[in-house]
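See below for the structure under consideration.
Each chain gets a letter, A, B and so on, in the order its sequence line appears, and its residues count up from 1.
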There are 2 protein chains.
Amino acid sequence: MRVASKKLLDDSLHERLATSGFRFTAQRQHVYSVLLRKRDHPTAEQVFIRAKRHMPEISMATVYNCLDALVECGLVRQVTLDRGATHFCPNMKEHCHFYCDVCSGVFDIDLPTQTTLSLPQGFRAERLDLAIHGRCPACSSRKR
Amino acid sequence: MRVASKKLLDDSLHERLATSGFRFTAQRQHVYSVLLRKRDHPTAEQVFIRAKRHMPEISMATVYNCLDALVECGLVRQVTLDRGATHFCPNMKEHCHFYCDVCSGVFDIDLPTQTTLSLPQGFRAERLDLAIHGRCPACSSRKR
DNA sequence: CTAGGTGCAAAAGGTTTGCGGTTAA
DNA sequence: TTAACCGCAAACCTTTTGCACCTAG
């Protein structure tokens with residue numbers, strides 16, 4: 001990544017955080033960059049491990065704090081698929097997640113749905129989470 | 001509930017369990033009846049508390065075992081909406097869940113979606129989970 | 001008869017909290 | 001300057017596991 005584009009990203013991150021009343025910190029910048037680098041729906045612990053490579057002193061509590069701030073200001077989606085750990089996804093395009101019941105892999109799926117859902121009176125929807133459970137290509141081809 | 005209809009329910013539960021290779025036990029019967037009695041998406045702990053009223057010696061491990069068996073044999077849906085505890089829902093009609101970000105309430109919503117989603121090659125979908133996050137009627141009318 | 005289920009208690013896994021020191025705005 | 005944030009460690013909550021006993025099939 002070139003310096004100029006990195007600076008732009010940081011400026012935009014700074015602004016997003018500020019808009020939601022958060023401070024711009026090195027930890028939040030780094031956690032966000034970790035998410036952008038490898039978009040594989042890591043758990044908080046996986047983010048922690050990756051973040052520590054370039055920021056060895058970062059703590060788990062801070063990772064949660066950063067992830068929560070990023071979710072709050074609309075840069076990251078929180079994805080809860082089963083009883084296990086929460087996953088985090090920096091892809092904010094409208095899409096859904098495929099969860100493989102066999103290998104627990106998570107995949108982004110572009111959804112073709114026209115989501116014109118009509119909610120009963122009084123409900124105010126803020127976002128949709130469509131999760132598809134099943135078997136991913138690799139696990140489909142393996143014997144069951 | 002009349003005895004005849006209860007017997008029918010038990011027979012059907014017995015058959016469903018057997019089909020998936022599970023035994024019919026008093027605990028599974030009771031846990032299922034607890035879920036059917038009050039369809040409010042209880043967590044495992046809430047099921048545990050309710051189940052203990054008529055079966056004081058039941059354990060948490062057994063509640064999880066029973067819930068898992070019921071999920072496995074297609075009588076109960078597992079609903080993971082946030083970082084908190086998993087919810088359980090005995091409504092197997094196609095529907096989605098509304099999760100109130102304010103009060104954490106869970107509501108069944110009849111979904112009008114025609115879900116003709118086209119998955120990429122190789123993915124085999126087994127079920128869909130559509131969760132809508134937002135504010136429920138009560139929390140919408142309260143001030144933010 | 002015996003594989004599978006139960007209750008108990010302890011362990012594991014994931015997330016949150018309290019606190020003293022640090023820093024962005 | 002100071003409210004927000006950080007790192008650390010302990011606490012907390014949810015779920016799983018190991019084991020001795022029991023029971024449905």
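- Listed pair B/Q27 / C/dG7 meets the phosphate criterion, a side-chain N or O lying under 4.0 Å from OP1 or OP2.
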From CA spacing to verdict: side chain to side chain contact (heavy atoms under 4.5 Å, CB included), A/E45, A/I49: CA-CA 6 Å; A/E45 166 138 53; A/I49 290 167; 4.1 Å; yes

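- Distance alone, capped at 3.5 Å, places no donor-acceptor pair between the B/R28 side chain and the B/L70 backbone.
- Under the 4.5 Å side-chain criterion, counting only non-hydrogen atoms from C-beta, B/C89 is in contact with B/H97.
- In this structure, the CG atom of A/N65 is 18 Å from the P atom of D/dA9, given to the nearest Å.
- Ring geometry for A/H14 versus A/F24: interplanar angle under 30°, hence parallel rather than tilted (30 to 60°).
- The phosphate of C/dG4 (OP1 or OP2) has no side-chain N or O of B/T25 nearer than 4.0 angstrom.
- Between its opening and closing five pairs, the helix from C/dC1-D/dG25 to C/dA25-D/dT1 changes axis direction by 50°, a value rounded to 10 degrees.
- Rounded to whole Å, atom C1' of D/dG7 lies 12 Å from atom CE of A/M55.
- Of the possible donor and acceptor atoms, one in the side chain of B/T19 sits under 3.5 Å from a partner among the backbone N and O of B/E15.
- Between the C1' atom of D/dC6 and the CD atom of A/Q29 lies a distance of 16 Å, rounded to the nearest Å.
- Judged purely by atom type and a 3.5 angstrom limit, B/S20 has no side-chain atom pairing as donor or acceptor with the backbone of B/L17.
- A straight line from CZ of A/R28 to P of C/dA25 spans 10 Å, rounded to a whole angstrom.
- Taking for each of A/I58 and B/F24 the nucleotide of DNA chain D with the nearest heavy atom, the 5'-most of the two is the partner of A/I58.
- Formation of a donor-acceptor pair under 3.5 Å by the A/R124 side chain with backbone atoms of B/R135 is not found in this model.
- The nearest whole Å value for the distance from the NE2 atom in A/H30 to the P atom in C/dA24 is 16 Å.
- B/F107 and A/F123 have their aromatic ring centers within a separation under 6.0 angstrom.
- Atom-to-atom, CG of A/L17 to P of D/dA4 comes out at 15 Å; the value is rounded to the nearest Å.
- The main-chain N or O of A/G122 is found under 3.5 Å from a side-chain atom of B/S140 such that the two form a donor-acceptor pair.
- One finds no side-chain N or O of A/H14 lying less than 4.0 angstrom from the OP1 or OP2 phosphate oxygen of C/dA24.
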Heavy-atom protein contacts under 4.0 Å, nucleotides 12-23 of chain D, coded B base, S sugar-phosphate only, - none: --SSBB-----B

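- As a whole-Å value, the separation of A/Q78 CD from C/dG14 C1' is 13 Å.
- Rounded to an integer number of Å, the gap from B/K52 NZ to C/dT6 C1' is 15 Å.
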